[in-house]
Protein chains: 2
Amino acid sequence: MRIGELAARAGTTTRTLRYYESRGLLPAKRNGNGYRVYDEDDLKLLRQIRTLQDFGFDLEETRPFVECLRAGHPEGDTCPASLAVYRRKLDELDALIGELQAVRAQVGAQLVRAQRARDELAVEALAPGGPEPQCELGGILR
Amino acid sequence: MRIGELAARAGTTTRTLRYYESRGLLPAKRNGNGYRVYDEDDLKLLRQIRTLQDFGFDLEETRPFVECLRAGHPEGDTCPASLAVYRRKLDELDALIGELQAVRAQVGAQLVRAQRARDELAVEALAPGGPEPQCELGGILR
DNA sequence: GTAAGCCTTGACGCCGACGTCAAGGCAATC
DNA sequence: GATTGCCTTGACGTCGGCGTCAAGGCTTAC
């Protein structure tokens, strides 16, 4: 099959396939008139790449999987190098998720603090002079 | 103070300050010879920007905070527009964290699956012919 | 023969937040 | 007056993964 069909079958674009080839990730044979020609195995490689890309893997990180498949293994992720990428990615994800959760907590706390500061200013505007520390201010003031 | 001192006091670079100015975020007065001149309030604005940037806010998202400070409020995050940015960012963070956790789960499952596939192939290589479904294979085969 | 629909290579554009280099001006010090 | 160390503007580079356009070639259908 030619580049357009492969792209369509994998749900991507010809530009993407040419880009992968330029990176040495998905080289293609050529027919008489210079057109790229692909087979079913290439589709399998491409699907492996796309799946990992959807997971957020860098293109370079997909290379071990592709090479594993090209080496004849029925699946791209059973080779040691692929497993190593999985593990490294898990570590990265854990680290990133942890950082994001920390940021979320900080931003959440800032939001609460800023809202409380607003409420206090509003109360002061209503009853100027001093604070009236009762309770449930948030509920009353909306 | 001039640009170099402000940058140093905020732990950033002069290039960054000029970039902020080019974005209209942190305009500077000029002295006689054309040098940028800043005061303590500018340092406060800059620190607000940097804090939010460290949280992963886009530069544009810091603008309401800066304008809030410049409007005379003692803190940049008590204005409605700033609170709205906080809330939007919390939603974004929650969505992103959720996606990453889903990816993490998928990748983790793939790792387990791929490792099991390897182990089974290893067992077959040791005892060719048929499967020997005992237990603790992972432990024995390392 | 010509229009349509594939394909080719090459090259520039995009996004964000700056880094880095170039060429030159101003001020203080030796 | 010459060096040093600030400062100025302008402009190109970076990173990844492509999008998009240009100019042209091949094949098939009408």
Side-chain angles (χ1 to χ4, degrees), chain A residues 1-39 42-43 45-66 85 88-89 92-93 96 103, chain B residues 1-39 42-43 45-66 85 88-89 92-93 96 103:
Chain A
M1 94 196 85
R2 290 178 309 186
I3 194 169
E5 186 183 344
L6 178 61
R9 288 181 64 184
T12 183
T13 68
T14 61
R15 179 68 182 90
T16 296
L17 299 191
R18 293 196 189 95
Y19 178 64
Y20 290 171
E21 182 173 7
S22 79
R23 304 280 88 193
L25 207 57
L26 193 65
K29 292 169 189 162
R30 305 302 181 109
N31 70 9
N33 53 23
Y35 289 9
R36 290 172 178 82
V37 177
Y38 302 89
D39 56 25
D42 291 319
L43 177 59
L45 297 183
L46 179 52
R47 287 196 166 134
Q48 173 76 79
I49 297 171
R50 291 267 94 197
T51 299
L52 295 174
Q53 288 269 87
D54 290 344
F55 282 164
F57 285 53
D58 294 344
L59 208 48
E60 274 311 308
E61 293 177 321
T62 72
R63 197 178 293 274
F65 296 79
V66 173
V85 172
R88 188 156 44 80
K89 185 55 70 174
E92 285 176 22
L93 282 169
L96 181 56
V103 168
Chain B
M1 93 194 86
R2 291 178 308 188
I3 194 169
E5 185 182 347
L6 178 60
R9 287 182 64 184
T12 182
T13 67
T14 61
R15 178 69 182 90
T16 295
L17 298 191
R18 294 197 188 95
Y19 177 65
Y20 290 171
E21 181 173 6
S22 79
R23 304 280 87 194
L25 206 59
L26 193 64
K29 292 169 188 161
R30 304 301 180 110
N31 69 10
N33 52 25
Y35 288 9
R36 291 172 178 82
V37 177
Y38 303 89
D39 57 24
D42 291 319
L43 177 58
L45 297 183
L46 180 52
R47 287 198 166 132
Q48 173 75 82
I49 297 172
R50 293 267 93 197
T51 298
L52 296 174
Q53 287 269 87
D54 289 345
F55 282 165
F57 284 53
D58 294 344
L59 208 48
E60 273 312 307
E61 293 177 320
T62 72
R63 197 178 293 273
F65 297 79
V66 173
V85 173
R88 190 156 43 80
K89 186 55 68 175
E92 286 176 20
L93 282 169
L96 181 54
V103 168

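In what follows, chains carry the letters A, B, and so on, assigned in the order in which the sequence lines appear, proteins first and then strands, with residues in each chain numbered from 1.
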Trainee: Side-chain contact, heavy-atom cut-off 4.5 Å: Tyr38(A) with Arg36(A)?
Mentor: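 Yes. Closest side-chain heavy atoms under 4.5 Å.
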
Trainee: Is there a side-chain contact between Leu59(B) and Arg23(B) (heavy atoms, below 4.5 Å)?
Mentor: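 The answer is yes; the side chains approach within 4.5 Å.
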
Trainee: Rounded to the Å, how far apart are Tyr19(B) OH and dG19(C) P?
Mentor: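 Computing the Tyr19(B):OH to dG19(C):P distance gives 11 Å.
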
Trainee: Do side-chain atoms of Thr51(A) reach the backbone of Arg47(A) as a donor and acceptor pair under 3.5 angstrom?
Mentor: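 Here the side-chain-to-backbone pair exists.
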
Trainee: Are any of the side-chain heavy atoms of Val66(A) and Leu26(A) separated by less than 4.5 Å?
Mentor: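 No. Closest side-chain heavy atoms not under 4.5 Å.
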
Trainee: Can you check the Leu17(A) CG to dG19(D) C1' distance for me, whole Å?
Mentor: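 One finds 14 Å between C1' of dG19(D) and CG of Leu17(A), rounded.
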
Trainee: In whole angstrom, what separates Asn31(A)'s CG from dC6(C)'s C1'?
Mentor: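 One finds 12 Å between C1' of dC6(C) and CG of Asn31(A), rounded.
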
Trainee: Each nucleotide N or O in nucleotides 7-10 of chain C that has a protein N or O under 3.5 Å away: list the pair and distance.
Mentor:
residue	atom	partner	partner atom	Å
dC7(C)	OP1	Gly4(A)	N	2.6
dT8(C)	OP1	Arg36(A)	N	3.0
dT8(C)	OP1	Arg36(A)	NH1	2.8
dT8(C)	OP2	Arg18(A)	NE	3.2
dT8(C)	OP2	Arg18(A)	NH2	2.6
dT8(C)	OP2	Arg36(A)	NH1	3.4
dT8(C)	O5'	Arg36(A)	NH1	3.4
dT9(C)	OP1	Arg30(A)	NH1	3.3
dT9(C)	OP1	Arg30(A)	NH2	3.2
dT9(C)	OP2	Arg36(A)	NH1	2.9
dT9(C)	OP2	Arg36(A)	NH2	2.7

Trainee: Is Thr13(A) close enough to dG19(D) that one of its side-chain N or O atoms is under 4.0 Å from OP1 or OP2 there?
Mentor: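 Yes, Thr13(A) has a side-chain N/O under 4.0 Å of OP1/OP2 on dG19(D).
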
Trainee: Are a donor atom and an acceptor atom from the side chains of Tyr20(A) and Arg15(A) found within less than 3.5 Å of each other?
Mentor: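 Short answer, no.
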
Trainee: Do any of residues 52-60 of chain B sit with a heavy atom less than 4.0 Å from DNA chain C, and if so which?
Mentor: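 Residues of residues 52-60 of chain B that come under 4.0 Å of DNA chain C are, in numerical order, Gln53(B), Asp58(B), Leu59(B).
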
Trainee: Salt bridge between Arg18(A) and Glu21(A), side-chain N to carboxylate O under 4.0 Å?
Mentor: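 Salt bridge absent between Arg18(A) and Glu21(A).
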
Trainee: Are OP1 or OP2 of dG17(D) and a side-chain N or O of Thr16(A) less than 4.0 angstrom apart?
Mentor: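 Indeed not, no polar side-chain atom of Thr16(A) lies that close.
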
Trainee: Flag the pair Glu5(A) and Arg2(A) as a salt bridge only when some basic side-chain nitrogen lies within less than 4.0 angstrom of an acidic carboxylate oxygen.
Mentor: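 Between Arg2(A) and Glu5(A) there is no salt bridge, as every charged N stays at least 4.0 Å from the carboxylate O atoms.
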
Trainee: Between dG17(D) atom P and Leu25(A) atom CG, what is the distance in whole Å?
Mentor: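 Distance, rounded to whole Å: 10 Å.
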
Trainee: Are the side chains of Glu61(A) and Asp58(A) in touch, meaning some heavy atoms are under 4.5 Å apart?
Mentor: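 The answer is yes, as the side chains (C-beta and beyond) meet within the 4.5 Å cut-off.
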
